[in-house]
A.B. asks: 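Have a look at this one.
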Amino acid sequence: MVDFNDRVVLITGAGQGLGFSYARTIAQLGAMVLIQDIGADSDGNGIDPKVAEVAAEKLRLEGLNVQAIPGEIGSREGCHKLCKDALKIGGRLDALIHNAGWVAYENIELIEESSFDHMMAISAKAPLWLAQAAWPSMKGAGYGRIVVTTSCRALYPQYVQNGLASYAAAKMAVVGLMNVLAFEGERNGIIVNAVSPVAKTRMWGIEGEPDELRPAEVAPGVAYLASEECYEGGWILRAANGQFHATKAMEAKDVDYPRNLRATKASTAHEVAENWSLIAIPCAEPRA
């Protein structure tokens, strides 16, 4: 049984949409859930602290142990303060879920450095600084679960969209971060994974409860990743429409990286061109 009794879980961007569904599901499983959400609009701008407060009150009315926690995650200092405050409130921090983010469409000719930096700060830097802040407590406890958020819009070429260069860059950065944190954390009982969720939320332009691709259908997978039952890190959990598929990049058998890739040999650019059909082989995942 997945059980969060006596566990404290911090979830960013949990005032609405996916994060709110994560908070409800995990609180229903017994956790004390701390909801962080600055209340930004769908473009990532503005502040409205009532968003987190209203979400927490709604879940408390359902009999759940949920509190709003103020704080911003656009800087290292903000992330560290948020985790420090979470520890003060809960006395411990067992799981951290970084869900906050947004989708910004800017074609390559129009991307400004300021908008790119803002995307990276919230979607790629924040999970690093949050993990860094939570690490000492989790390491001391010999236990921790961290869930970061990536996207199939970055992972799979067939799902990319015009205008999502900054978004895709940030979401791919999250995968590299997750791989390293999973490796570093394993020896101390800190298990780190990523989720690639799809749900119709305000980021999709949906108001109210969607009639398909509901956030609640993603939440069970995230709850598992944040639980004690999840004991293996380094996975990307794809979650959509009540279905789940975990993936990770795995090296071919018997490769001695980097000396022997067990691959096609070539010593000139011409030889690479001649053998490209043997070098570039799409690797489709099997399905049962």
Side-chain angles (χ1 to χ4, degrees), residues 9-14 17-19 22 36-38 40 44 72-76 78-80 82-83 95-106 111 115-135 138 144-161 163-186 190-199 201 203 215 218-219 221-226 230 232-240 244-250:
V9 181
L10 170 62
I11 308 176
T12 68
L18 283 163
Y22 301 165
Q36 181 276 341
D37 198 310
I38 65 168
E72 59 86 19
I73 57 171
S75 67
R76 181 178 183 271
C79 291
H80 275 249
L82 180 64
C83 287
L96 164 67
I97 300 171
H98 178 55
N99 164 73
W102 75 97
V103 181
Y105 291 87
E106 291 180 307
I111 297 174
S115 62
F116 179 83
D117 289 347
H118 190 40
M119 177 67 74
M120 295 298 290
I122 301 302
S123 297
K125 288 185 178 182
L128 170 61
W129 301 138
L130 289 166
Q132 183 183 65
W135 211 261
M138 291 181 174
R145 297 293 182 269
I146 297 175
V147 183
V148 295
T149 303
T150 185
S151 173
C152 289
R153 296 295 184 197
L155 297 170
Y156 294 90
Q158 60 264 49
Y159 300 141
V160 301
Q161 290 184 336
L164 290 185
S166 296
Y167 178 81
K171 294 305 183 180
M172 285 302 288
V174 168
V175 175
L177 171 65
M178 182 268 295
N179 286 335
V180 176
L181 294 183
F183 181 78
E184 289 192 16
E186 185 177 18
I190 304 172
I191 306 301
V192 185
N193 288 289
V195 63
S196 177
V198 180
T201 67
M203 299 298 177
V218 171
V222 175
Y224 167 75
L225 294 181
C230 180
E232 186 176 5
W235 287 94
I236 300 168
L237 179 64
R238 302 176 67 202
F244 303 93
H245 167 245
T247 185
K248 66 167 65 177
M250 300 291 289

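The residues of the chain are indexed from 1 along the displayed sequence.
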A.B. asks: Identify the heavy atoms of Met138 and Gly144 that sit nearest to each other, and give their distance.
C.D. replies: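 Shortest heavy-atom separation between Met138 and Gly144 comes out as SD-CA, 3.7 Å.
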
A.B. asks: Val192 and Ala182: which non-hydrogen atoms are nearest, and at how many Å?
C.D. replies: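 That would be O-CB, 3.6 Å.
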
A.B. asks: Indicate yes or no for a side-chain donor-acceptor contact from Thr149 to the backbone of His98 under 3.5 Å, with no hydrogens or angles considered.
C.D. replies: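 Indeed, once roles are kept as given, a pair shorter than 3.5 Å links the two residues.
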
A.B. asks: How far apart are the C-alpha atoms of Ser166 and Glu106, what are their side-chain angles, what is the distance that settles it, and do they pass the side chain to side chain donor-acceptor pair (under 3.5 Å) test?
C.D. replies: CA-CA 8 Å; Ser166 296; Glu106 291 180 307; 4.6 Å; no

A.B. asks: State whether the side chain of Thr12 and the backbone N or O of Asn99 hold a donor-acceptor pair below 3.5 Å, judged by distance alone.
C.D. replies: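 Yes; at least one donor-acceptor contact below 3.5 Å.
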
A.B. asks: Under the side chain to side chain contact (heavy atoms under 4.5 Å, CB included) criterion, do Leu155 and Met172 qualify, and how do the steps go?
C.D. replies: CA-CA 7 Å; Leu155 297 170; Met172 285 302 288; 3.7 Å; yes

A.B. asks: How close do Leu18 and Ala199 get, heavy atom to heavy atom, and via which atoms?
C.D. replies: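 Looking at all heavy atoms of both residues, the shortest contact is CD2-CB, 3.7 Å.
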
A.B. asks: May I have all residue pairs that pass side chain to side chain donor-acceptor pair (under 3.5 Å) and include part of residues 119-129, sequence neighbours excluded?
C.D. replies: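 Residue pairs passing side chain to side chain donor-acceptor pair (under 3.5 Å), neighbours aside: none found.
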
A.B. asks: Identify the two heavy atoms, one from Gly74 and one from Ile122, that lie closest to each other, and give their separation to 0.1 Å.
C.D. replies: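 Between these two residues, the closest heavy atoms are CA-CD1, 3.7 Å.
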
A.B. asks: The criterion is ring pair (Phe, Tyr, Trp, His ring centres under 6.0 Å); which residues satisfy it with Tyr156, sequence neighbours excluded?
C.D. replies: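 Ring pair (Phe, Tyr, Trp, His ring centres under 6.0 Å) check on Tyr156 returns Tyr159.
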
A.B. asks: Calculate, to the nearest 0.5 Å, the distance between atoms CD1 and CH2 belonging to Ile191 and Trp235 respectively.
C.D. replies: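 Here the rounded value is 13.5 Å.
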
A.B. asks: If you measure from OG on Ser196 to NE2 on His245, what distance do you get to the nearest 0.5 Å?
C.D. replies: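 Atom-to-atom, Ser196:OG and His245:NE2 are 11.0 Å apart.
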
A.B. asks: Say whether Gln161 and Tyr167, considering side chains only, have a donor N or O and an acceptor N or O under 3.5 Å apart.
C.D. replies: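 Tyr167 and Gln161 do not have a side-chain donor-acceptor pair below 3.5 Å.
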
A.B. asks: Can you tell me if Gln36 uses its side chain to pair, donor with acceptor, with the backbone of Gly13 under 3.5 Å?
C.D. replies: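 Such a contact is found between Gln36 side chain and Gly13 backbone.
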
A.B. asks: Rounded to the nearest 0.5 Å, how far does CG of Leu10 lie from CG of Leu130?
C.D. replies: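 Between atom CG of Leu130 and atom CG of Leu10 there are 7.0 Å.
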
A.B. asks: Ignoring hydrogens and geometry, is there a side-chain-to-backbone donor-acceptor pair from Thr150 to Lys171 under 3.5 Å?
C.D. replies: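 Side chain of Thr150 to backbone of Lys171: a pair is present.
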
A.B. asks: Closest approach of Met178 and Gly234, non-hydrogen atoms and distance?
C.D. replies: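 Taking Met178 first and Gly234 second, the nearest heavy atoms are SD-CA, 3.3 Å.
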
A.B. asks: Shortest non-hydrogen contact from Arg145 to Cys230?
C.D. replies: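 Heavy-atom minimum between the residues: NE-O, 2.8 Å.
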
A.B. asks: Applying the side chain to side chain contact (heavy atoms under 4.5 Å, CB included) test to Leu225, which of Ile97, Ile146, Val148, Asn193 qualifies?
C.D. replies: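 In the set Ile97, Ile146, Val148, Asn193, the residue that makes a side chain to side chain contact (heavy atoms under 4.5 Å, CB included) with Leu225 is Asn193.
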
A.B. asks: Leu177 versus Pro127: any side-chain heavy-atom pair under 4.5 Å?
C.D. replies: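 They are in side-chain contact.
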
